[in-house]
Amino acid sequence: MNESEFWKLISKIDVVMLDEGDEEGALELLQQELSTKSEAELFEFEEQLSLHLYAIDGEIYAEKAGESGSSDDGFLYARCYVVANGQSFFEAVKADPTKMPKSIEQWCESLLYPHRIAWARINGVEPSEWPFSASVSYETASNPNQWLN
C-alpha cells in the first residue's frame, strides 16, 4: 500500500463526526473499507499509519499539543487525530507544529484499531492476536531524531 492509497482510506473518516467526539461513528466507513482488504493490505495499512504517526512524534509537537502533550497516551491519540483529519491537515501540522490539536477533545485513539479488527474477523481470532510489527513504533518518544532527551 503506497501513501496515496493510505490517504484514500483515511479520507473515509467522517471528520465532522470526529470533531463532534464520535470516534467510532467517524471511523465506520474506514472500518467497512478495511474489511474488504487482504491480510497483506491490512499489514501495509499498519505500516503506513505507523510511519505517519512516527513522523510527528517529536518534542516540539508534544510541546505544542496543549494538555494532550503532557502524557504519552494523550500525545499518541492527538497524533492519531492529526492523521485522521487527512493528508492536508497532517502535512500542515508536520510543517508547523503549532497547528497540533490542543484539547483532549481532539483525540482519535480508535484509529489504532480498525485494521486489526478487520484482520481478526478474517482470521476468526481476537484483535489482540495481531501478529504484525511495523518498521517503526508509533508509541510516544519512539522517534529519537525528534526528542532531545
Side-chain angles (χ1 to χ4, degrees), residues 1-39 41-122 126-128 130 132-143 145-147:
M1 175 176 301
N2 63 34
E3 189 169 1
S4 176
E5 293 166 335
F6 172 77
W7 287 118
K8 185 176 179 184
L9 286 167
I10 292 296
S11 73
K12 303 288 183 192
I13 297 171
D14 185 328
V15 294
V16 172
M17 289 181 88
L18 184 60
D19 285 341
E20 292 172 351
D22 183 1
E23 286 183 44
E24 301 289 323
L27 273 65
E28 192 172 311
L29 286 177
L30 173 62
Q31 180 71 65
Q32 289 174 11
E33 187 70 25
L34 289 171
S35 294
T36 70
K37 301 297 180 190
S38 70
E39 183 174 69
E41 289 170 313
L42 296 171
F43 293 164
E44 291 166 4
F45 182 87
E46 169 90 358
E47 179 68 19
Q48 285 291 325
L49 178 61
S50 295
L51 289 169
H52 287 87
L53 293 172
Y54 183 83
I56 56 172
D57 174 31
E59 193 167 6
I60 188 68
Y61 296 98
E63 288 172 358
K64 303 299 182 189
E67 57 190 318
S68 296
S70 63
S71 79
D72 289 352
D73 286 344
F75 183 50
L76 170 60
Y77 305 155
R79 288 183 288 131
C80 288
Y81 179 88
V82 170
V83 173
N85 270 274
Q87 186 174 12
S88 295
F89 187 68
F90 171 82
E91 294 297 339
V93 169
K94 187 176 173 189
D96 182 1
T98 64
K99 295 185 179 188
M100 277 296 293
K102 310 283 187 264
S103 167
I104 61 171
E105 302 300 319
Q106 296 172 303
W107 285 2
C108 191
E109 176 186 3
S110 299
L111 184 59
L112 299 172
Y113 310 113
H115 54 294
R116 294 175 182 221
I117 292 167
W119 171 84
R121 288 179 182 156
I122 289 169
E126 292 298 316
S128 61
W130 176 258
F132 179 78
S133 293
S135 63
V136 295
S137 173
Y138 55 67
E139 296 296 341
T140 294
S142 293
N143 187 339
N145 297 323
Q146 294 198 58
W147 290 89

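Please read these numbers as outputs of a predicted model, since none were measured by experiment. For the numbers below, each heavy atom of this structure counts, side chains included, while hydrogens, waters and symmetry mates do not.
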Contact check, side chains of [X] and [Y], non-hydrogen atoms, under 4.5 Å:
X: Thr140; Y: Trp147; answer: yes
X: Leu112; Y: Tyr138; answer: yes
X: Ile13; Y: Leu29; answer: no
X: Ser35; Y: Ile122; answer: no
X: Asn85; Y: Ile10; answer: no
X: Met100; Y: Arg79; answer: yes
X: Phe75; Y: Ile56; answer: no

How many angstroms lie between [atom1] in [X] and [atom2] in [Y], if you round to the nearest 0.5 Å?
X: Ser133; Y: Phe43; atom1: OG; atom2: CZ; answer: 10.0 Å
X: Asn2; Y: Lys8; atom1: CG; atom2: NZ; answer: 10.5 Å
X: Ser11; Y: Leu30; atom1: OG; atom2: CG; answer: 9.0 Å
X: Asp72; Y: Glu139; atom1: CG; atom2: CD; answer: 8.0 Å
X: Leu34; Y: Arg121; atom1: CG; atom2: CZ; answer: 10.5 Å
X: Leu9; Y: Gln31; atom1: CG; atom2: CD; answer: 11.5 Å

Is the ring pair Phe90/Trp7 parallel, tilted or perpendicular, if the boundaries are 30 and 60 degrees?
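Because their plane-to-plane angle lies in the 30° to 60° range, the rings of Phe90 and Trp7 count as tilted.
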Would you check if the distance from the ring center of His52 to the ring center of Phe6 is below 6.0 Å?
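When the ring centroids of His52 and Phe6 are compared, they turn out to be within the sub-6.0 Å range.
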Phe45 and Trp119 aromatic centres sub-6.0 Å:
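For Phe45 and Trp119, the ring centres are not under 6.0 Å apart.
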Looking at Lys37, I'd like to know if its NZ atom is crowded, meaning that more than 12 non-hydrogen atoms belonging to other residues, nucleotides or ligands lie closer than 6.0 Å.
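Yes, because the 6.0 Å sphere around NZ of Lys37 holds more than 12 heavy atoms from other groups.
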Give the C-alpha distance, both sets of side-chain angles, the deciding distance and a yes or no for side chain to side chain contact (heavy atoms under 4.5 Å, CB included) between Val82 and Tyr61.
CA-CA 11 Å; Val82 170; Tyr61 296 98; over 6 Å; no
[X] versus [Y], closest heavy-atom pair with distance:
X: Val15; Y: Ala84; answer: CG1-O, 3.8 Å
X: Pro114; Y: Leu27; answer: CG-CD2, 4.1 Å
X: Cys80; Y: Leu111; answer: O-CD2, 3.5 Å
X: Ser110; Y: Glu24; answer: OG-OE2, 3.2 Å
X: Ala78; Y: Ser68; answer: CB-CB, 3.8 Å

May I have the step-by-step check of side chain to side chain contact (heavy atoms under 4.5 Å, CB included) for Ser38 and Glu41, ending in yes or no?
CA-CA 5 Å; Ser38 70; Glu41 289 170 313; 3.2 Å; yes
Under 3.5 Å, is there a donor-acceptor pair between the side chain of [X] and the main chain of [Y]?
X: Glu44; Y: Met1; value: yes
X: Glu109; Y: Tyr77; value: no
X: Asn143; Y: Tyr54; value: yes
X: Asp96; Y: Ala92; value: no
X: Glu47; Y: Ala134; value: no
X: Lys99; Y: Ala95; value: no
X: Ser50; Y: Glu46; value: yes

Steps toward side chain to side chain contact (heavy atoms under 4.5 Å, CB included) verdict (Asp57, Gln146):
CA-CA 7 Å; Asp57 174 31; Gln146 294 198 58; 5.8 Å; no
Any Lys/Arg nitrogen of Lys12 or Glu28 sitting under 4.0 Å from an Asp/Glu carboxylate oxygen of the other?
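Glu28 and Lys12: not salt-bridged.
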If you apply the rule side chain to side chain contact (heavy atoms under 4.5 Å, CB included), what do you find for Glu67 with Lys102, and how did you get there?
CA-CA 6 Å; Glu67 57 190 318; Lys102 310 283 187 264; over 6 Å; no
